[in-house]
Amino acid sequence: MGHVYISYKPKDAAFAADLIRQLEDAGFRVWSDTERLRADGQWRESIDQAIRDAFALLVIQPSDASASEHMMYEWTFALGVGVSVIPIVLKPADIHPRLEALPRLDFSDPDAQPWGKLIRQVQNACRSGPSVPARPSRNAVPFGSPLQQPSGSLLERIKRREDANNNRRPDQGIQTETVEKLIERLERGDNREACIAAIQRLGELGDKAAIPALIKLLRGNDWRARDVAARALGQIKAVAAVPVLLDTLRVRAPGPFGGGGNVMVITAALRDIGEPAIPVLIDALDDADWQIRLHATDVLGDIGGEDVVPALIDSLHDPEARVRWRAAEALANTGNISAVPDLVRALRDSEHEVRISAASALGRIGDAAAVPGLIDKLRDRDWRARWAAAEALWRIGEAAVAPLLAALRENDERVRPVAIHALVEIGEPAIPGLVVMLDDADWDVRYAAAEALQGMGKLAVPALMEALHNTGWQASWAAAEALRRIDTPEAQAAVKLWRGEPEPDADEAEVSTEVEIDTAEQN
């Protein structure tokens, strides 16, 4: 396998370093062109051969890239010898028309950097290879390139590594080493696999003496070591690591498929630390970075406890809507009814996502005190909020029946469908009230009640059969219509009896069946 050639200006060296780490972590060899600055004047030949040996050239395009003759030479030479060229844009700017025609990657937004897409493009270039045969290399390894990496795609290499790890650990003796020896391994910087195994073993041992060494790894550039160290700190329940774990989310250090620490790994570690982490996480709810506030909110909701509820209630007023709706979810996880009044107020939030989340939280908590506010949300301008309120009401159950029956009387096309659905889901406790409404003077109310009973199916059949003999003809007719649509044998028989249709006797039924059979045979 060849290598990836990186072309950039010295002022972009920091980004280039991140890029090289990402590629090397993904298993690619990387060659950068910094050696062209040597004073011996022999750089051109080395660069020409390095480009020929590459399967992809990544050109980091600064705002003034048009002024770089060296970079233009490199990417035009690469195109000429059939090497895939992938432009990387750091700032919005005009680029060369030839580069503009190529698929490029936009890294101008620090919060949305497409590392995963970059790795996939490089993998595709590696598989396809150069479109023009390259001249044989004079050297086995191009000048300035890293050592040969294992061949194959990233997923293939990961699978081989996992298969190997299932059969043996990188260092068989690591299981018997003391904590002090394992920490020494990390400080010496042994080979990567041995270090990963040592971190895992330290997590299994749970000795707090390992915490400083593991925290140091959280600040390193090796994404895999950071993830394994975070898990180990969670296993040890290292309270001292909580601020650093949060900072790892903030720094967004290079990772395999995107900037930043692995959010799932870090938040899982915080959850494993549990209750001792609560004070630091509550402080993080005042952080200037809304994403830190959001992650702290999620973890606090999962940890739970009386202490977190007031802090999460305060987060319902966070300036960032995403934090507010996650705070509502977190309060639902705690199940604490003291949050109900504030969640009811959150039903009036300007953002529909917050209103939906608050309604869902109230349904999960299940306190009847939320019913009036949820009934009011059946009139929400957003249909998703209306259905969220209806779902919350049927979760609360019987306490919501009377207000929902009252809602059926409203001449509001938004309210009736969701009220009917909520009553159907509540089921049996709603049946008596709906049967009474079958005799309502308002045709629309009768129809809505019949529709709700019909939606309950077999459960409503006995009550509807009794309603057939109601003295009011309107109620009887509505009950008959609901039974007809339920369409069970019992319901159909009750409707025929109510209509006065005679049931065929046994002889007539037998003759009818014979006629049908003869007709079928003739056809």
Side-chain angles (χ1 to χ4, degrees), residues 325 328 332 343-344 346-461 463-464 467 474-488 491:
W325 67 261
L343 286 168
V344 169
L347 292 173
R348 299 191 293 270
D349 195 278
S350 59
E351 294 290 334
H352 71 274
E353 291 289 355
V354 180
R355 301 196 299 275
I356 292 169
S357 184
S360 176
L362 288 166
R364 289 170 60 191
I365 293 172
D367 186 61
V371 169
L374 291 167
I375 290 290
D376 185 61
K377 276 297 101 182
L378 297 180
R379 307 174 185 89
D380 195 279
R381 62 183 179 277
D382 188 286
W383 68 269
R384 291 165 294 183
R386 296 197 296 274
W387 282 97
E391 181 178 359
L393 287 163
W394 82 60
R395 282 176 177 268
I396 291 171
E398 190 170 355
V401 170
L404 284 167
L405 291 173
L408 288 187
R409 298 183 183 280
E410 294 188 24
N411 188 20
D412 190 330
E413 62 181 12
R414 297 175 301 175
V415 174
R416 273 186 178 151
V418 289
I420 288 170
H421 194 63
L423 289 163
V424 169
E425 294 294 336
I426 291 172
E428 190 170 357
I431 291 175
L434 289 168
V435 169
V436 170
M437 294 182 75
L438 293 177
D439 201 25
D440 195 272
D442 188 329
W443 185 92
D444 289 329
V445 173
R446 296 197 303 273
Y447 184 86
E451 186 177 352
L453 289 163
Q454 173 195 329
M456 295 181 193
K458 293 180 180 180
L459 186 65
V461 168
L464 287 167
Q474 293 176 329
S476 300
W477 182 89
E481 186 65 15
L483 285 167
R484 185 184 68 79
R485 293 184 180 181
I486 290 173
D487 198 27
T488 64

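This one's a predicted model, so the numbers in the text were calculated from it and none came from an experiment.
- Residues Val435 and Ala467 share a closest heavy-atom pair of CG1-CB, 4.1 Å.
- Between Met456 and Gly427, the shortest heavy-atom contact is CE-O, 3.6 Å.
- Taking CG from Leu423 and CD from Glu425, the interatomic distance works out to 10.5 Å, rounded to the nearest 0.5 Å.
- Pairing each heavy atom of Ser350 with each of Arg381, the nearest pair is O-NH2, 3.6 Å.
- Scored by the salt bridge (Lys or Arg N to Asp or Glu O under 4.0 Å) test, Arg484 finds Glu481 as partners (sequence neighbours excluded).
- Separation of atoms CD1 (Ile356) and CG (Leu347) is listed at 11.0 Å; rounding is to 0.5 Å.
- Panel note: side chain Arg414, backbone Arg379; a donor-acceptor pair is recorded below 3.5 Å.
- Here the side chains of Leu393 and Leu404 are in contact, with some heavy-atom distance below 4.5 Å.
- Residue Ile396 is tested with Leu374, Val401, Asp367 for a side chain to side chain contact (heavy atoms under 4.5 Å, CB included); the sole match is Leu374.
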>> For Arg386 and Trp383: C-alpha separation, side-chain torsions, deciding distance, then whether side-chain contact (heavy atoms from CB on, under 4.5 Å) applies.
In response: CA-CA 5 Å; Arg386 296 197 296 274; Trp383 68 269; 3.3 Å; yes

>> Go through it in stages, so that I can follow the logic: the residues are Asp412 and Leu378, the test is side-chain contact (heavy atoms from CB on, under 4.5 Å), and I'd like the CA-CA distance, side-chain angles, deciding distance and then a yes or no.
In response: CA-CA 10 Å; Asp412 190 330; Leu378 297 180; over 6 Å; no

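- Of the possible polar contacts, one joining the Arg416 side chain to the Glu410 backbone as a donor-acceptor pair under 3.5 Å is found.
- The distance from the CG atom of Asp442 to the OH atom of Tyr447 is 14.0 Å, given to the nearest 0.5 Å.
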>> side-chain contact (heavy atoms from CB on, under 4.5 Å) for Ile486 and Leu464? Distances and angles first, verdict last.
In response: CA-CA 11 Å; Ile486 290 173; Leu464 287 167; 3.7 Å; yes

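- For Gln474, the CD atom sits in a packed shell: over 12 heavy atoms of surrounding residues, nucleotides or ligands are nearer than 6.0 Å.
- Side-chain contact between Leu343 and Ile365: present, with at least one pair of heavy atoms (C-beta onward) separated by less than 4.5 Å.
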>> Show, in sequence, the C-alpha distance, side-chain angles and deciding distance for Val371 and Ile375, and conclude whether the side-chain contact (heavy atoms from CB on, under 4.5 Å) test is met.
In response: CA-CA 6 Å; Val371 169; Ile375 290 290; 4.0 Å; yes

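- Contact annotation: the side chain of Leu408 never approaches that of Asp440 to less than 4.5 Å [non-hydrogen atoms, C-beta and beyond].
- Atoms CD and CZ, on Glu353 and Arg384 in that order, are 6.0 Å from each other to the nearest 0.5 Å.
- Contact detail for Ala328 and Ser357: the closest heavy-atom pair is CB-OG, 3.3 Å.
- For Asp439, there are no side-chain hydrogen bond (donor to acceptor under 3.5 Å, both in side chains) partners at least two apart in sequence or on another chain.
- Side-chain atoms of Lys377 do not come within 3.5 Å of backbone N or O of Ala359 as any donor-acceptor pair.
- Across all non-hydrogen atoms, the minimal contact from Val344 to Gly373 is CG1-CA, 4.3 Å.
- Rounded to the nearest 0.5 angstrom, Leu459 CG and Ile431 CD1 are separated by 4.0 Å.
- Here the closest heavy-atom approach between residue Ala452 and residue Val424 is recorded as O-CG2, 3.3 Å.
- A distance of 11.0 Å separates CD1 in Ile426 from NE2 in His421, rounded to the nearest 0.5 Å.
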